[in-house]
There are 2 protein chains.
Amino acid sequence: MQPRTTIYLDYAATSPLWPEARAAMAPYLDDRFANASSVYAAAREARKAVEEAREIVAAAVGARPDEVVFTSGGTEADNIALQGVAVRARNEGRDGIVVSAIEHHAVLDTARWLGKNGFRVTEVPVDTGGVLDVDALAGAVDRKTAVVSVMYANNEVGTIQPVGRCAEIARAAGARFHTDAVQALPWLALDSADADLIALAAHKVGGPKGVGALVVRRGVGVEPLVHGGGQERGLRSGTYNVAGIVGFGAAVQSTIAAREQLVPRVRALRDRLQDALLRRFPGVTVNGARAERLPNNVNVCIAGIESEPLLLLLDAAGIAASSGSACQSGAAEASHVLTAMGVPKERALGALRLTLGRDTTEADVETAVDEIAAGVKRLRR
Amino acid sequence: MQPRTTIYLDYAATSPLWPEARAAMAPYLDDRFANASSVYAAAREARKAVEEAREIVAAAVGARPDEVVFTSGGTEADNIALQGVAVRARNEGRDGIVVSAIEHHAVLDTARWLGKNGFRVTEVPVDTGGVLDVDALAGAVDRKTAVVSVMYANNEVGTIQPVGRCAEIARAAGARFHTDAVQALPWLALDSADADLIALAAHKVGGPKGVGALVVRRGVGVEPLVHGGGQERGLRSGTYNVAGIVGFGAAVQSTIAAREQLVPRVRALRDRLQDALLRRFPGVTVNGARAERLPNNVNVCIAGIESEPLLLLLDAAGIAASSGSACQSGAAEASHVLTAMGVPKERALGALRLTLGRDTTEADVETAVDEIAAGVKRLRR
């Protein structure tokens, strides 16, 4: 029999679907099934629901509804942003792509793929605190740069990046600025004025998997990645995922409404967790500790401990945690984020990421600390 | 107040979500929310559910599970097939793309986009019955053809295409053969041996919107469109839409199990509908009537009647129907499919597509015929 997950500390990998999002989706998984591009009453109702969700998502980042392009998730949004801008910019003689070294693979691998296809790619370093080196970015951006992509907050260590300054640097050179705000949306107030393009994902914010959005500032030219029926003003063809989009809207609405109260509560729990880890294990370091971080993230390395066996022990105790990005789990490589922060490989292979969320309780945190302590004790034996 | 849709005759646009698919999805929209790429118990359970759905989808087309790549829908699957094969083939000096003139826009517009980006695109004509001219295809394919794409069955007129012969022609020239089987899957037994790549969509077969698959025969090289976490063996990155994929699998399973009994029942209802239309309106022509067609499709032109006002009257009577592809609704252009079949523009602008499905009843058909008669009478006045 498989162990049951009873304490979920992996909100950065995915969030539970909020009951209010599930409730909002339900009619569209039931009798409101019409294709939102059709012409009859049921279809117009479905389309109206899509447009209401669009208004919510737009408002959450201070954008206009017609600046929101629904996608199948954050990864697709990042790909449209980078590829779509790069392809257009090449026609204007711009072939440079500048990204931070700690981007999610959706950005990093897309940039590297473009690098194999005629673009110059620069990966800008971060400091040991996990924050982008803005001077290095300024040095990497030139009049031939097509797009600069720096995430709003990092998915592994939670460090918040200086996107406002990055945007200024990009714009001064006539380049577009994209930010992956997938991890930031649940916790931070975003302002679309800070970027030309913003990638969002529903399932990190209490919405369903398989939906996301790319916010594209009016006037920013983007070549579509997926061609077809012409949905989303031709920027992203494909039958509307009505239930998914409605769930995304409801989750965003609920998140924005709860954020002010939720952030201090989650931050206090996170600090309690972090303090307990620091207190109980002398060999613990908190990655990104010096930087401003998302309130729900703690990423630690425990001296002499490897992630994999510790995660297995935690799993057996019903605790869901991670060593870093879910997308890269299973890989025996050190995290590219920690490596960029100068964490030595042997320490990086011991990273433990605990990310909290709306349903995390004090008891969860205390049990987790006890189980981590038990696991570490066992592994050190 | 908006009219209510009570009789749904637009299954080609989208299907209701089968209750069994909705039931299968429910746990993954509830407590089984884990990211299927994570390492703990709940994540492994989610991944297992994804792999079970993959086995079902693979079996439905006679493919191996590792040949199924889950996507966000049929449109994305078509785009990966065409772009992904074309980009790879260009490295081998192949720059030709050959498609039928009646492809869905997901194929046609992707081909045309590639045509603007250095590829030679040939659109092969169909006969007046809506069936591909195989000789013309043979003449269009050469040793520099990268990919041939011919849909399994047309979405507007339901005509079944000679994909086996198309595949032979493509393969004899060393080109890849792709087929968009989105409309065929609910009704026809598909054999993956007939194609190198097959596009499928969940929501046409009783599954949820926002999910589909591309079946890629082993050994067929495809460049990914979306880069990132490396899911789907690197062919389609992005967090698994677990609930969607599970719903897709359940819908396919249910459809395959019911198909043998459903096809004759739906065909009889369709024939009844078609006969009634032919009997009651002397000026009716059935588009694609001479060809082998999907059992649920009837597409007619009624002399002197335009689609739009008729659809409005039907809508007011609670009947959901269409003039053609949902993706193109609202466009005041004649259907490219009917145009390719030689239907004059003024007749093509009067097309009425009625597509039946699992829940269609005899009473639905009779009411629809009466309402169409009433609408035509009113419009002719």
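Protein chains get the first letters and strands the later ones, always in sequence-line order, with residue 1 at the start of each.
Taking all atoms of both residues into account, the shortest heavy-atom contact from A:R236 to B:S72 is NH2-OG, 2.8 Å. Contact record, A:L29 with B:M25: CD2-CE, 4.3 Å, taken as the closest heavy-atom pair.
When heavy atoms are compared at a cutoff of 4.5 Å, A:S15 approaches chain B solely by way of its backbone atoms N, CA, C and O. Heavy-atom distances place the backbone of A:A321, and not its side chain, under 4.5 Å from chain B. Neither the backbone nor the side chain of A:A243 comes within contact range of chain B, judged by heavy atoms closer than 4.5 Å. For A:D30, the parts sitting under 4.5 Å from any heavy atom of chain B are the backbone and the side chain alike. Proximity to chain B is limited to the side chain of A:N79, based on heavy atoms less than 4.5 angstrom apart.
Between B:V39 and A:D315, the closest side-chain pair of non-hydrogen atoms is not below 4.5 Å. Residues A:S38 and B:D10 have side chains in contact (heavy-atom distance under 4.5 Å, counting atoms from C-beta outward). The side-chain heavy atoms of A:Q231 and B:T75, taken from C-beta on, include no pair separated by under 4.5 Å.
Contacts from residues 111-118 of chain A to chain B, taken as heavy-atom pairs separated by less than 4.5 Å, involve A:W113 in sequence order.
A search for ring pair (Phe, Tyr, Trp, His ring centres under 6.0 Å) contacts involving B:F70 returns nothing, not counting sequence neighbours. Residues meeting the side chain to side chain donor-acceptor pair (under 3.5 Å) test with B:E20, sequence neighbours left out: B:S254, B:R358. Scored by the ring pair (Phe, Tyr, Trp, His ring centres under 6.0 Å) test, B:Y8 finds A:F33, B:Y11 as partners (sequence neighbours excluded).
Rounding to the nearest 0.5 Å gives a distance of 6.0 Å between CG of A:N35 and NZ of B:K204. With rounding to the nearest 0.5 angstrom, the OG1 atom of B:T110 is 10.0 Å from the CG atom of A:L225. Atoms CG and OH, on A:L9 and B:Y40 in that order, are 9.5 Å from each other to the nearest 0.5 Å.
Note on A:A320, A:G210, A:P16, A:G74: by heavy-atom pairs under 4.5 Å with chain B, the leading option is A:P16.
With 3.5 Å as the limit, one finds a donor-acceptor pair spanning the side chains of B:T239 and A:H203.
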